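Here's the structure, in structure tokens; my notes come after.
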Amino acid sequence: MTREAPPPSALFPSSVRGARLLQERLRGRVRIRPLALQRLRRIGAADVTYIGEKETVGAAVVVVDARTGEVVEERTAVGETLFPYVPGFLSFREGPAILAAWEKLSVRPQVLLFDGHGIAHPRRFGIASHVGVLLNLPSVGCAKSRLVGECAEPGGEKGEWTPLTDAGEVIGAALRTRDRVKPVFVSPGHRADLATSIALVLSLCSRYRLPDPARRAHQLTQELRSGGRSRSEPG
DNA sequence: GCGACAG
DNA sequence: ATCTTGTCGC
């Protein structure tokens, strides 16, 4: 059954605002890319003139059964980026490709886990929050490093964690997912609380620092870069 | 003015 | 994120 999939840009209206913010931030430091300007005009952002290097970005979505850890479905997508990587603006760069991969799924997952932060973000709106809102699904962020906030070093054993705080509020946790291994940073995204977020991440970590689905998704992304056209998606 | 800075 | 050699440990 093929359903008409809207272009990712249509599902990412905030790109317009993001473009404006980036335009200010990168003014004088980035050259204008005409093709991207055309694209922005097509989605109704005629007054936006940002753009960076011509580049493609790959995204992968891995669906697992939360109880068994079994992989249910995997999808990938490649797209041209409208944004360079700028700390705090990750979702504007990777969000559209993620949604493109999401649109290929034949199943409808109930919870989202992201490689990146949720509310542990300067504006409390990291990639997990952003995409979670767009898809209206509970979402959790699991980042390998800190973007904002401070925290104490958690105890050395798996499962131990300390709160990540910023401006007087708890925005996430530094969570030990393996004994004696550098902690990850977990934060709620959309419609999720910290305790549930931590429990979810822990439940998905078998024997590595990162949750199994995150590792698999990263692997798929790598294959996109090296495999190129030698690989095809089922369906 | 100088660091810090998800991926 | 990417580049990139060897090395320590189960």
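Given the structure is predicted, the values throughout are model-derived calculations rather than measurements. In what follows, every chain begins at residue 1, and chains take the letters A, B, ... in the order their sequences are listed.
- OP1 or OP2 of B/dG7 sits under 4.0 Å from a side-chain N or O of A/S145.
- Atom-to-atom, CZ of A/R93 to C1' of C/dT2 comes out at 12 Å; the value is rounded to the nearest Å.
- None of A/Q222, A/R216, A/R215 except one satisfies the side chain to side chain donor-acceptor pair (under 3.5 Å) rule with A/Q219; the exception is A/R216.
- Between A/R176 and A/E153 a salt bridge is recorded (basic side-chain N to carboxylate O distance below 4.0 Å).
- For A/H218 and B/dG7, the NE2 to P distance is 10 Å, given to the nearest whole Å.
- A/E150 comes within contact range of no nucleotide atom at all, as no heavy-atom separation falls under 4.0 Å.
- No donor-acceptor pair under 3.5 Å is formed between the side chain of A/T76 and the backbone N or O of A/A60.
- Atom CD1 in A/I119 sits roughly 18 Å away from atom P in B/dA6 (whole-Å rounding).
- Phosphate contact (OP1/OP2 of B/dG7, side-chain N/O of A/H117, threshold under 4.0 Å): absent.
- Hydrophobic clustering (side-chain heavy atoms under 4.5 Å, transitive across Ile, Leu, Val, Met, Phe, Trp, Tyr) groups A/L204 together with A/V140.
- A donor-acceptor pair under 3.5 Å is formed between the side chain of A/R209 and the backbone N or O of A/K182.
- Rounding to whole angstrom units, CD1 of residue A/I98 and P of C/dA1 are separated by 13 Å.
- Atom CG of A/D115 is separated from atom C1' of B/dG7 by 7 Å (rounded to the nearest Å).
- Using a 4.0 Å cut-off, some side-chain N or O of A/K144 falls inside it from OP1 or OP2 of B/dG7.
- Phosphate proximity of B/dC5 to A/R146: present, with a side-chain N or O under 4.0 Å from OP1 or OP2.
- With rounding to whole Å, A/I127 atom CD1 is found 10 Å from B/dG7 atom P.
- Computed from coordinates, the A/F125 CZ to B/dA6 C1' distance equals 15 Å when rounded to whole Å.
- If you measure from atom CZ of A/F92 to atom P of B/dG7, you get 17 Å, rounded to the nearest angstrom.
- Within the 4.0 Å cut-off from OP1 or OP2 of C/dA1, not a single side-chain nitrogen or oxygen of A/Q222 is found.
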